[in-house]
Asks: 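Dropping the structure in here first, questions after.
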Amino acid sequence: MGPATILHADLDAFYASVEQLLDPSLRRRPIAVGGGVVLAASYEARAYGVRGGMSGWQARQLCPQLRFVGGHFRDYQRLADQVMAVLRDFTPVVERISVDEAFLDVRGATHLFGPPPVIAEEIRRRVRAEIGLAVSVGVARTKHLAKVASQVAKPDGLVVVESGREREFLAPLPVELMWGVGPATQARLHARGVRTIGELADVSPAALQHLLGDAHGAQLAALARDHDPRPVAPRAKARSVGAQSALGRAPATAEVLNDAFARLADRVASRLRAAGLEGRTVSVRVRFPGLRAVTRSVTFPDAIASTRALTEIAAFLAARAIEEEAEHAITLVAVSVSHLRRDAGLQLPLPFEPRARLDEAARWALDRSVDAVRERFGRGAVGYAPVVLGAAGSVPDEFRALAEHDLAQEAE
DNA sequence: TCTGGGGTCCTAGGACCC
DNA sequence: TCTGGGGTCCTAGGACCC
């Protein structure tokens with residue numbers, strides 16, 4: 001059994017903490033970032049039961065004096081990047097898993113900086129002193145344990161799980177603290193009388209697989225017994241790139257679909273081209289009032305990366321799905337491209353609809369020139385007509401960018 | 001009065017091939 | 001006129017994560 005050298009560092013109530021850092025009058029007060037939906041709540045707001053993901057009105061019911069603040073999304077990215085830079089001062093083995101959290105393996109850093117708990121405290125001290133934010137840290141032998149430990153450490157704490165005491169640490173904790181246990185799994189486990197990780201470890205892997213499916217059951221059985229071999233590693237290459245847009249309640253017309261998918265396809269295709277990627281499969285998701293949603297996808301022999309091809313394919317798939325479902329209103333549309341590969345440079349004509357076969361190479365070349373202008377003058381400088389005119393997107397691009405995964409890894 | 005946006009992985013059935 | 005098994009790919013849906 002190896003030593004506990006894996007750290008999980010997680011910024012506390014990140015968006016809300018940044019707002020309180022930027023505006024001292026918000027400190028020690030219940031605030032929420034967002035409007036229609038709570039993107040993040042300060043700890044003062046959480047004391048009232050306010051949680052991320054809640055609708056705004058629901059949050060106000062719980063906490064009438066709740067202050068909603070606009071998101072300074074560029075500052076979130078900037079400050080989180082500074083925190084990551086601090087982490088990289090201790091080891092290059094940093095795996096960033098979202099804007100505000102990361103794993104580190106400090107195995108090779110102890111001779112310079114001391115044992116892992118000392119490194120963890122130094123990280124917390126520096127992030128507090130240099131950036132002004134609280135970061136909680138878990139230290140353990142595995143990623144899963146380190147992550148659970150940082151959750152237990154919050155707010156503004158440090159929890160070290162000593163090597164050899166892992167199962168003792170896990171046993172009393174509720175199952176929903178485990179990576180991979182969400183509402184559905186939690187409900188199934190509770191129905192079986194399993195509430196703690198210790199109780200979960202007492203269930204046979206076979207029984208868990210029967211209850212939760214082969215892969216998921218086996219994984220939870222392993223994690224509950226503290227078997228987690230995953231190393232801290234840079235992110236694997238991206239497998240899909242997508243974008244979505246909530247529409248409120250919109251009529252399911254061709255105009256709405258064309259406009260929405262033009263905007264989404266523009267985002268997705270630009271990111272693909274910037275990363276030198278293209279994809280063979282286009283998937284579309286349409287959500288109807290009542291949260292029911294359907295998915296449609298199509299896979300081509302050749303990959304695409306042009307905005308126009310993606311727009312046409314996505315709008316076509318969505319229109320067909322809406323017709324099949326006999327719906328007349330939609331609340332959300334999404335498009336995603338998968339089966340990614342390095343762009344071949346040579347773009348073949350797309351055999352999607354022979355009548356309207358357009359030269360994919362020409363579209364791609366046009367898109368590249370649009371990308372180049374935007375790079376110099378900004379996104380608003382140039383765009384296809386529906387994108388420019390339909391710029392009523394409710395969410396700023398800076399927020400979308402926060403959630404994007406890094407595509408800058410080699411694919412295939 | 002009903003949850004944003006960007007992702008990953010798994011499952012199950014059907015088509016198709018050997 | 002159809003028995004048996006194995007593998008891959010595609011599609012649709014769902015759970016989960018931040």
Asks: At a heavy-atom distance below 4.0 Å, what parts of residues 73-101 of chain A sit against DNA chain C?
Replies: S98(A), D100(A), E101(A)
Asks: Taking 4.0 Å as the cut-off, does a side-chain nitrogen or oxygen of R51(A) come that near to OP1 or OP2 on dT3(B)?
Replies: no
Asks: Any chance you could list the contact pattern along nucleotides 13-18 of chain B? Use B for base contacts, S for sugar-phosphate-only contacts and - for none, protein heavy atoms under 4.0 Å, 5' to 3'.
Replies: ------
Asks: Could you work out the separation of dC17(C) and dC2(B) based on their C1' atoms and round it to a whole Å?
Replies: 23 Å
Asks: Describe, in one word, how the ring planes of F399(A) and F73(A) are oriented to each other, choosing from parallel (under 30°), tilted (30 to 60°) and perpendicular (over 60°).
Replies: tilted
Asks: Applying side-chain contact (heavy atoms from CB on, under 4.5 Å), can you list everything that pairs with S204(A), at least two apart in sequence or on another chain?
Replies: A206(A), A207(A)
Asks: Counting a pair only when it is Watson-Crick or G-U and both distances are under 3.5 Å, which runs of at least 3 such pairs involve DNA chain B?
Replies: B:5-18 with C:5-18
Asks: Which of residues 213-222 of chain A have a heavy atom under 4.0 Å from DNA chain B?
Replies: D214(A), A215(A)
Asks: Name each donor-acceptor pair under 3.5 Å that joins a side chain in residues 326-334 of chain A to protein atoms two or more places apart or in another chain, with its distance.
Replies:
unit_1: E327(A); atom_1: OE2; unit_2: R292(A); atom_2: NH2; d: 3.0
unit_1: T331(A); atom_1: OG1; unit_2: R287(A); atom_2: O; d: 3.2
unit_1: T331(A); atom_1: OG1; unit_2: R287(A); atom_2: NE; d: 3.3

Asks: The side chain of R296(A) lies closest to which of these nucleotides: dG4(B), dA12(C), dG5(B)?
Replies: dA12(C)
Asks: Counting any heavy atom closer than 4.0 Å, what does A293(A) reach on the DNA or RNA strands: base, sugar-phosphate only, or nothing?
Replies: nothing
Asks: Give V38(A) one of three labels, base, sugar-phosphate or nothing, depending on what nucleic acid heavy atoms sit under 4.0 Å from its own.
Replies: nothing
